Structures are given as structure tokens and as C-alpha cells.
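Reviewing the structure listed below.
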Amino acid sequence: MITRRALFAAPLLATPALAQSPWPNRPIRILVGFPAGGTTDLLGRLAGQILTEELGQPVVIENRPGAGSNIAAQAVLRSPADGYTLLLGSPGTNAINAHLYSNAGYDPLTDFLPISQIAEVPNLLAAHPSLGVRDVPGLIALAKQRRLSYGETSIGGSTHLSAEMFRLMAGIEATHVPYRGSAPMMVDLLPGRIDYGVDNMPTIINHVRSGALVGIGVTSARRWPTAPEIQAIAETLPGYEVTAWFGLVAPRGTPPEVIQRANVALRAGLVKPEVVARLSELGAAALPGTPEEYQARNVAQHARLGELIRRIGVKAD
């Protein structure tokens with residue numbers, strides 16, 4: 001016998017999922033594995049702004065620097081796979097750290113689900129004006145006359161790999177000075193305490209445009225459209241190329257509908273003229289695309305950069 005109370009309670013008990021609002025119905029966190037002010041942070045904040053505008057929920061950027069972004073990646077992996085904690089994927093988390101660390105704490109190709117690429121960024125090799133060099137041949141010639149010092153912003157990251165590939169292909173020796181982020185390197189590079197440095201284009205280009213540093217060469221295969229006056233290193237060293245690519249990822253197990261909605265939102269924002277213009281000002285190129293395209297790039301670069309790391313023989317632990 002069905003009581004009156006049971007009759008009215010039944011619909012409520014039978015359809016709990018229908019009572020829940022679709023994603024997102026509360027604020028979203030994006031964890032960034034580097035300090036504020038660097039390229040990863042800038043792109044994370046841009047992604048947060050896009051998602052806020054497209055999804056109608058606030059997005060909080062949380063910087064969790066350390067271990068080449070492994071700390072942030074591990075924190076996201078431990079979070080519920082509900083779409084409310086995401087990771088700003090960098091070259092380290094996407095491909096490099098799995099080769100650089102004995103145990104990064106995650107597999108980049110299986111533990112995270114790609115949402116969308118955000119931007120591709122070349123690195124830029126820049127020198128202090130006191131060196132008196134303006135291009136790649138000039139820097140190589142000087143480095144063969146006397147030992148120079150160079151900085152990079154992340155051990156084993158794309159800036160470090162760019163600098164090491166340059167050193168190897170140019171056939172020079174130089175004193176390596178590692179830094180934990182762009183800001184600490186600039187403290188030494190801008191006053192000339194180190195001779196040259198490699199950083200992501202967005203965080204170093206303004207120092208070149210102001211005249212504080214000299215842009216020697218970009219690490220893309222060809223000259224970068226937003227800075228065509230700076231030669232590509234590959235013009236002097238054929239075959240040279242290292243770029244950084246960034247995107248948004250979620251922990252495995254995140255519902256497909258969340259991945260799809262986040263992808264649509266990011267892609268919608270990344271094609272807006274004001275966003276494209278902002279990325280161009282930073283020296284980056286927008287890369288809206290599908291999760292499958294993002295994963296294909298991760299797989300290819302995981303193999304390519306892993307081989308370079310083995311050749312260099314660098315380890316972070």
C-alpha cells in the first residue's frame with residue numbers, strides 16, 4: 001500500500017540528478033604551477049577571464065609554484081574530477097616533467113584530460129646591451145672568444161631546453177645560471193650580472209622593446225609574426241626549434257560534458273579580436289582547438305623533448 005507521504009516523496013527520491021544545476025554552478029579554480037607575473041600565470045589569468053565571461057561563474061587563479069609545476073599538477077589530480085579545479089598546462093606538465101623527474105607524480109598523457117590549447121609562445125634569447133652583439137652570429141662569435149654566462153627560468157623547462165639546444169648546436173661553452181621564474185632572472189639580467197638569458201616571449205619582449213635588453217633570436221622555426229625584426233635562431237642554426245604551448249586540462253574522470261562545455265567556452269573567447277590582439281601584444285599566438293588536437297601535440301612533444309632531455313642529460317632530482 002502506498003501512503004500519501006510516500007507518493008509525494010517518490011519523485012524527489014527518484015530524480016536527484018535533475019535537481020542539480022548543470023556545470024558550472026559555483027566558482028572554478030585554475031591552478032598555475034609558477035609564480036605570478038610569468039607567462040603561465042598571464043595565460044592562466046586570460047583563460048580565467050574568458051571562462052568567467054563565457055560561463056557566468058567567477059574563476060579564481062591560484063599560484064602553486066614548485067618542482068617545475070609538479071606541485072600544482074599533483075594538487076589538481078587529487079581534487080574531485082568535477083570540473084571545479086583545473087590546471088593551466090605548460091610544457092612541463094604536458095610533456096617535459098615525465099622525463100625530467102624520477103617520479104613526477106603523474107602521467108601527463110593519461111592522468112589529465114585536455115580541454116583546449118590556449119596559446120603557443122616562442123622563447124626569446126636576449127642579451128645585455130653591454131655585450132655589444134645584435135644577432136645570433138655575433139653572440140656565437142663572442143662566446144667562442146670568452147666564456148659567457150646565461151640564465152633560464154625553469155630547470156628542464158622550455159627555456160632551459162632552448163638555451164641548451166642553442167649551446168649544443170652553436171658549439172659553445174657557457175656558464176649556466178638557473179632561476180626559479182622570470183622575475184628572479186630579470187633581477188640579474190637587466191643590470192648585466194649575467195650576459196644573456198632565455199625566457200618566454202611574453203615576459204621578456206617588453207624589456208627588448210624598451211631597449212633594456214637586445215633581442216638576439218626567437219626559438220621558433222621562423223621569425224615570429226609579432227616581432228619580425230628579431231631573427232629566428234634557425235636562420236643561423238638550421239633545424240633549431242623549441243616553443244612552449246599552453247592549455248587547460250582537467251583531472252581524469254571529469255565528465256565529458258564538462259570538458260566539452262569548457263572547450264566551447266575557451267574557443268569562443270580565443271577567437272575574439274580583443275583576445276587575439278592581447279595575445280599578439282604579448283608575443284603569443286592563440287591556439288583554439290579540440291581536445292584531440294591538444295592531446296596529439298602533447299604526445300608528439302612528449303617524445304621529441306624526452307629525446308632532447310636524454311641527450312642533454314639533465315635531471316631535476
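Because the structure is predicted, anything quoted here is derived from the model rather than measured. Count residues from 1 along the sequence.
Of the inter-residue distances, the one linking Leu287 atom CG with Trp245 atom CH2 reads 11.5 Å to the nearest 0.5 angstrom. Between the CZ atom in Arg26 and the CD atom in Gln57 there is a gap of 9.5 Å [rounded to 0.5 Å]. For the atom pair Asn123 CG and Met165 CE, the distance stands at 11.5 Å (nearest 0.5 Å). Taken from CD in Gln295 to CG in Leu113, the straight-line distance is 8.5 Å, to the nearest 0.5 Å. Atom CG of Leu279 is separated from atom OG1 of Thr226 by 10.0 Å, given to the nearest 0.5 angstrom. Note that the CG atom of Leu87 and the CD atom of Glu62 stand 11.5 Å from one another [nearest 0.5 Å].
Between Leu142 and Gln145 there is a side-chain heavy-atom pair separated by less than 4.5 Å. Residues Val60 and Ile28 have side chains not in contact (no heavy-atom distance under 4.5 Å, counting atoms from C-beta outward). For the pair His99/Lys315, no side-chain contact is recorded, criterion being any heavy-atom separation below 4.5 Å from C-beta on. For the pair Val271 and Val276, the minimum side-chain heavy-atom distance is 4.5 Å or more. The side-chain heavy atoms of Leu77 and Arg252, taken from C-beta on, include a pair separated by under 4.5 Å. Counting heavy atoms from C-beta outward, Val208 and Val214 have side chains that stay 4.5 Å or more apart.
Across all non-hydrogen atoms, the minimal contact from His302 to Ala98 is NE2-CB, 3.8 Å. Nearest heavy-atom pair across Val136 and Phe166 is CG1-CE1, 3.9 Å. Nearest heavy-atom pair across Gly38 and Ser182 is CA-OG, 4.4 Å. The shortest heavy-atom contact between Gly138 and Asp135 is N-OD1, 2.8 Å. Ala265 and Ile50 make their closest contact through O-CG2, 3.5 Å (heavy atoms, listed as atom of the first residue, atom of the second, distance). Contact between Leu88 and Ile118 at its shortest, heavy atoms only, is CD2-CD1, 3.5 Å.
Heavy atoms from other residues, nucleotides or ligands lying under 6.0 Å from CZ of Arg193 number more than 12. The environment of CZ in Arg45 is crowded: more than 12 heavy-atom neighbours from other residues, nucleotides or ligands sit within 6.0 Å. The number of heavy atoms from other shown groups lying within 6.0 Å of CZ (Arg223) is above 12. Within 6.0 Å of the CZ atom in Arg134, the count of heavy atoms belonging to other residues, nucleotides or ligands does not exceed 12.
For Glu152 (side chain) and Ser154 (main-chain N/O), a donor-acceptor pair under 3.5 Å exists by modelled atom type. Looking only at distances, a side-chain donor or acceptor of Arg261 sits under 3.5 Å from a matching main-chain atom of Trp23. Under a 3.5 Å cut-off, the side chain of Glu307 and the backbone N or O of Arg304 do not form any donor-acceptor pair. In this structure a side-chain-to-backbone donor-acceptor pair under 3.5 Å is present from Ser79 to Ala75. Of the possible donor and acceptor atoms, one in the side chain of His128 sits under 3.5 Å from a partner among the backbone N and O of Leu190. With Glu235 contributing its side chain and Ala232 its backbone, the two residues share a donor-acceptor pair below 3.5 Å. Judged purely by atom type and a 3.5 angstrom limit, Tyr240 uses its side chain to pair as donor or acceptor with the backbone of Ser162. Asn63 contributes a side-chain N or O that, together with a main-chain N or O of Phe34, makes up a donor-acceptor pair within less than 3.5 Å. Judged by distance alone, the side chain of Asn263 and the main-chain N or O of Gly289 form a donor-acceptor pair under 3.5 Å. Distance alone, capped at 3.5 Å, is enough to place a donor-acceptor pair between the Asp107 side chain and the Leu109 backbone.
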Check: Step by step, would you call Met186 with Ile204 a side-chain contact (heavy atoms from CB on, under 4.5 Å)?
Finding: CA-CA 9 Å; Met186 290 305 164; Ile204 198 171; 3.4 Å; yes
Next item on the list: Apply side-chain contact (heavy atoms from CB on, under 4.5 Å) to the pair Leu86 and Arg29, showing each step before the final yes or no.
Entry: CA-CA 6 Å; Leu86 306 175; Arg29 287 191 308 161; over 6 Å; no
Margin query: Could you go through Asp82 and Val258, starting from their C-alpha distance and side-chain angles, then the distance that decides it, and tell me whether this counts as side-chain contact (heavy atoms from CB on, under 4.5 Å)?
Written below: CA-CA 8 Å; Asp82 55 10; Val258 171; over 6 Å; no
Next item on the list: For side-chain contact (heavy atoms from CB on, under 4.5 Å), just list the numbers for Asn94 and Gln301, CA-CA rounded to whole Å, side-chain angles, deciding distance to a tenth of an Å, and then say yes or no.
Entry: CA-CA 8 Å; Asn94 292 336; Gln301 292 295 333; over 6 Å; no
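Cluster membership check: Leu248 does not share its hydrophobic cluster with Leu31, using side-chain heavy-atom separations under 4.5 Å among Ile, Leu, Val, Met, Phe, Trp and Tyr. Hydrophobic clustering (ILVMFWY, side-chain heavy atoms < 4.5 Å, transitive): Leu124 and Leu148 are in distinct clusters.
Checked against Asn70 for a side-chain hydrogen bond (donor to acceptor under 3.5 Å, both in side chains), the options Asn103, Thr93, Asn97 give a single hit: Asn97.
Between the side chains of Asp199 and Thr159, no donor N or O sits under 3.5 Å from an acceptor N or O. Side-chain N/O atoms of Thr175 and Arg147 include a donor and acceptor closer than 3.5 Å.
Judged as a ring pair (Phe, Tyr, Trp, His ring centres under 6.0 Å), the pairs with a partner in residues 134-155 (not counting sequence neighbours) are, in order, Tyr150-His176, Tyr150-Tyr196.
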